[in-house]
K.L.:
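This is the structure I have questions about; it appears just below.
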Amino acid sequence: MTTANIATNVSELARLKTLHNGAKEQLTFSDAEFERRLAGLRQIMAAKSLDAVILTSYHGIKYYSDFLYTTFGRNYALVVTASNSTTVTANIDAGMPWRTSYGDNIVYTDWKRDNFFYGLQEALKRDGVKATRIGVEDDFLPGRTRQQIADTFDGATLVDVSQDAMRQRMIKSAEEIEVIKHGARIGDQGGEAIKAAIREGISEYEVALIGTEAMVHEIAKTFPHREVRDTWVWFQSGINTDGAHNWATTRKLQRGDILSLNCFPMTSGYYTALERTLFLGEPDARSLELWNINVEVHKRGLELIKPGAVCKDIAAELNEIYIAHGLLPNRTFGYGHSFGVLSHYYGREAGLELREDIETVLEPGMVVSMEPMITVMDGEPGAGGYREHDILVINDDNTVENITKFGFGPENNIIDA
């Protein structure tokens, strides 16, 4: 009989549990891939003289263990030492974190407020580590939680490893690139489903649901061994196209509308995207002019992405095209970014963005987008947001592969429905 069956008071319940419920499931990547990643983190630990690292972000834990948590106000961690990696997860998830992660697992219960931090202590204790220097992720660690970790390991110095870990994630392995390629393919399928659904009178959210459903079914078919979650579509029309991250509304499509198709298949925590400008019916002259200018920038940007190119230099050259057309003030964000473990709520690899302040040199293993956008304000000729988006892989042989196949521009995306 377990303690839980004979306990008569909450104070008698365990603070920590081992819940190896069922068997380990097939992960997204091979054991060798996770060992490669952990070896990279341990190199960071050695360079910074760290006894352990406590990762708390979605992207950090997912990248090194394959486990993607659902917070609901609770804390999660992956504790990495020189010899082991251990997720520390909430009892509400039971055995799922252990089944779906690489490495060991400790479950903490709700019966004491500080059980999560007690679990962190236990993870180091099991590995025989008395930490004096601990790595943490300051880019995704609330100040209060950071202080609680410091108090838990009294006398230990906390050292930020977030930027070093981000740089490690910027170079993708062959296994990662395979997952990303599937994501791009699935995004194209979502785009085709959306394109077929576009008609006058249908609501933005109805179109978004059609695209999301098509992608989710294909993700489940392609990755049947992994959980299915987080895939979404932003489908925008008219004034709602002015921002890249505007969620679908109940607005109904009207003939003459500018449209923005944005598919985001999430394949086991890996983000890919397809983004396209479309029109429902023939665009007016100014809209067509603006669209073609943005397509010009997009095409040139695709040519500029190559090994040895510097992010800020790509941005500077593309700026000149907008300047020539008097549209530089209409830009809304950088020209592209890295891919990998990220979503709309976690994981941006800011060191690999095509912006004027980023000096990163492109190299094999990097995966970046080209996605120029301009916005013309309501009431002005050609009002709306114009955006195209392709994903490019820099291969080990220094070739560049565009893995987005959905057509762009007026010749492909004027919908007469």
Side-chain angles (χ1 to χ4, degrees), residues 1-35 37-38 41 52-81 83-127 129 145 152 179 216 219-220 222-231 266-270 341 343 345-347:
M1 182 177 291
T2 65
T3 302
N5 290 333
I6 62 174
T8 59
N9 189 287
V10 168
S11 64
E12 300 174 36
L13 297 177
R15 299 184 70 180
L16 303 176
K17 295 182 178 182
T18 297
L19 284 178
H20 293 178
N21 192 34
K24 285 279 192 179
E25 297 178 3
Q26 181 179 338
L27 302 182
T28 311
F29 304 101
S30 67
D31 288 358
E33 170 67 7
F34 285 110
E35 284 297 329
R37 298 177 183 191
L38 289 165
L41 181 59
V53 169
I54 298 175
L55 302 168
T56 51
S57 70
Y58 292 99
H59 42 280
I61 296 173
K62 174 67 179 179
Y63 183 76
Y64 293 106
S65 77
D66 215 26
F67 172 61
L68 186 61
Y69 64 80
T70 302
T71 177
F72 257 110
R74 291 179 172 88
N75 289 309
Y76 289 78
L78 175 67
V79 179
V80 180
T81 65
S83 60
N84 201 12
S85 62
T86 304
T87 50
V88 180
T89 62
N91 192 41
I92 196 169
D93 300 320
M96 181 272 291
W98 176 77
R99 292 194 302 272
T100 61
S101 66
Y102 185 78
D104 205 349
N105 173 253
I106 293 172
V107 172
Y108 73 92
T109 66
D110 285 349
W111 321 132
K112 275 194 173 183
R113 188 174 294 275
D114 61 350
N115 281 353
F116 168 72
F117 302 99
Y118 185 67
L120 300 182
Q121 290 177 319
E122 177 64 18
L124 292 188
K125 181 180 177 182
R126 288 184 183 182
D127 290 350
V129 174
T145 305
T152 297
V179 169
V216 167
I219 290 169
T222 306
F223 301 95
H225 53 286
R226 300 305 297 153
E227 60 194 20
V228 180
R229 59 181 286 187
D230 295 335
T231 291
M266 292 296 299
T267 53
S268 192
Y270 274 69
V341 182
S343 179
Y345 57 95
Y346 60 81

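Quick note: residue numbers are just sequence positions, from 1.
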K.L.:
What verdict does the side chain to side chain contact (heavy atoms under 4.5 Å, CB included) test give for Thr18 and Val107, after you've listed the backbone C-alpha separation in whole Å, the side-chain angles of each residue and the deciding distance to 0.1 Å?
P.N.:
CA-CA 6 Å; Thr18 297; Val107 172; over 6 Å; no
K.L.:
How long is the span from the CG atom in Leu124 to the CD1 atom in Ile54, to the nearest 0.5 Å?
P.N.:
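Atom-to-atom, Leu124:CG and Ile54:CD1 are 6.0 Å apart.
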K.L.:
Please enumerate all residues that pass salt bridge (Lys or Arg N to Asp or Glu O under 4.0 Å) together with Arg99, with sequence neighbours excluded.
P.N.:
Glu25
K.L.:
Examine distances only and state if a side-chain atom of Lys62 and a backbone atom of Ser268 form a donor-acceptor pair shorter than 3.5 Å.
P.N.:
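Flag set: sc Lys62 to bb Ser268 pair under 3.5 Å.
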K.L.:
My understanding is that only residues two or more places apart in sequence, or in another chain, count here; which of them pass side chain to side chain donor-acceptor pair (under 3.5 Å) with Asn9?
P.N.:
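By the side chain to side chain donor-acceptor pair (under 3.5 Å) rule, Asn9 matches Ser11.
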K.L.:
Could you tell me the separation between the CZ atom of Phe116 and the CD1 atom of Ile106, rounded to the nearest 0.5 Å?
P.N.:
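Result: 10.5 Å between the selected atoms.
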K.L.:
Let me confirm one number: the CZ-OG1 distance from Phe117 to Thr152, rounded to the nearest 0.5 Å.
P.N.:
5.5 Å
K.L.:
Look at the side chain of Thr109 and the backbone N and O of Ala14, then say whether any donor-acceptor pair between them is shorter than 3.5 Å.
P.N.:
yes
K.L.:
If you compare all heavy atoms of Leu38 against all heavy atoms of Tyr102, which two are closest, and at what distance to 0.1 Å?
P.N.:
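What the structure gives for the nearest pair is CD1-CE2, 3.9 Å.
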K.L.:
Taking the inter-plane angle between the rings of Tyr69 and Tyr58 on a 0 to 90° scale, is it parallel (under 30°), tilted (30 to 60°) or perpendicular (over 60°)?
P.N.:
parallel
K.L.:
Does any non-hydrogen side-chain atom of Asn91 lie less than 4.5 Å from one of Asp93?
P.N.:
no
K.L.:
Side chain to side chain contact (heavy atoms under 4.5 Å, CB included), that's the test. Do Ile61 and Leu68 meet it? Break it down for me.
P.N.:
CA-CA 7 Å; Ile61 296 173; Leu68 186 61; over 6 Å; no
K.L.:
Which atom names give the shortest non-hydrogen contact between Gly95 and Asn21, and what distance separates them?
P.N.:
CA-CB, 4.1 Å
K.L.:
Could you walk me through whether Leu120 and Val88 pass side chain to side chain contact (heavy atoms under 4.5 Å, CB included), step by step?
P.N.:
CA-CA 7 Å; Leu120 300 182; Val88 180; 4.1 Å; yes
K.L.:
Does Tyr270 form a ring-ring contact (aromatic ring centres under 6.0 Å, His included) with Phe29? I'd like the steps, not just the answer.
P.N.:
CA-CA 12 Å; Tyr270 274 69; Phe29 304 101; 5.5 Å; yes
K.L.:
If you take all heavy atoms of Ala90 and Arg74, which pair is closest and at what distance?
P.N.:
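In this case the closest contact between Ala90 and Arg74 is CB-CD, 3.5 Å.
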K.L.:
Would you say Thr87's side chain and Asp104's backbone share a donor-acceptor pair under 3.5 angstrom?
P.N.:
yes
K.L.:
Could you tell me the separation between the CG atom of Asp66 and the CZ atom of Arg226, rounded to the nearest 0.5 Å?
P.N.:
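Rounded to the nearest 0.5 Å, the CG-CZ separation comes to 4.5 Å.
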K.L.:
Could you pull out the closest heavy-atom pair between Asp230 and Met266, with the gap in Å?
P.N.:
O-CG, 3.4 Å
K.L.:
Just wondering, more than 12 heavy atoms not from Lys112 lying within 6.0 Å of its NZ?
P.N.:
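At most 12 heavy atoms, drawn from other residues, nucleotides or ligands, come within 6.0 Å of this atom.
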K.L.:
Set out, in order, the CA-CA distance, both residues' side-chain angles and the distance that settles side chain to side chain contact (heavy atoms under 4.5 Å, CB included) for Thr145 and Asn75, then state yes or no.
P.N.:
CA-CA 9 Å; Thr145 305; Asn75 289 309; 4.1 Å; yes
K.L.:
Ignoring hydrogens, what is the shortest heavy-atom contact between Leu16 and Gly119? Give both atom names and the distance.
P.N.:
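So the minimum-distance heavy-atom pair works out to CD2-CA, 3.7 Å.
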K.L.:
Does the Ser30 side chain pair with the main chain of Glu33, one donor and one acceptor, at a distance under 3.5 Å?
P.N.:
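Yes, the answer is positive, given that a donor and an acceptor are paired below the 3.5 Å cut-off.
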K.L.:
Answer yes or no for Arg37 and Tyr64: cation-pi contact, defined as NZ/CZ to six-membered ring centre under 6.0 Å and angle to ring axis within 45°.
P.N.:
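No - Arg37 does not lie over the ring of Tyr64 by the 6.0 Å and 45° rule.
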K.L.:
With sequence neighbours excluded, tell me which residues meet salt bridge (Lys or Arg N to Asp or Glu O under 4.0 Å) with Glu122.
P.N.:
Arg126
K.L.:
Would you call Val179 and Thr28 a side-chain contact if the rule is heavy atoms closer than 4.5 Å?
P.N.:
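Heavy-atom side-chain distance check passes, below 4.5 Å.
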K.L.:
Hey, what's the ring geometry for Tyr108 with Tyr76, parallel, tilted or perpendicular (30° and 60° as the breaks)?
P.N.:
perpendicular
K.L.:
Is any side-chain heavy atom of Val341 closer than 4.5 Å to a side-chain heavy atom of Tyr346?
P.N.:
yes
K.L.:
Measure the spacing between OG of Ser85 and CG of Leu55 and express it to the nearest 0.5 Å.
P.N.:
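With rounding to 0.5 Å, OG (Ser85) is 10.0 Å from CG (Leu55).
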K.L.:
Answer yes or no: does atom CZ of Phe72 have more than 12 heavy-atom neighbours from other residues, nucleotides or ligands under 6.0 Å?
P.N.:
no
K.L.:
Just by distance, with hydrogens left out, do Asp127 and Thr81 show a side-chain donor and acceptor under 3.5 Å apart?
P.N.:
yes
K.L.:
Measure the spacing between OG1 of Thr89 and CG of Leu19 and express it to the nearest 0.5 Å.
P.N.:
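Taking OG1 in Thr89 and CG in Leu19, the distance rounds to 8.0 Å.
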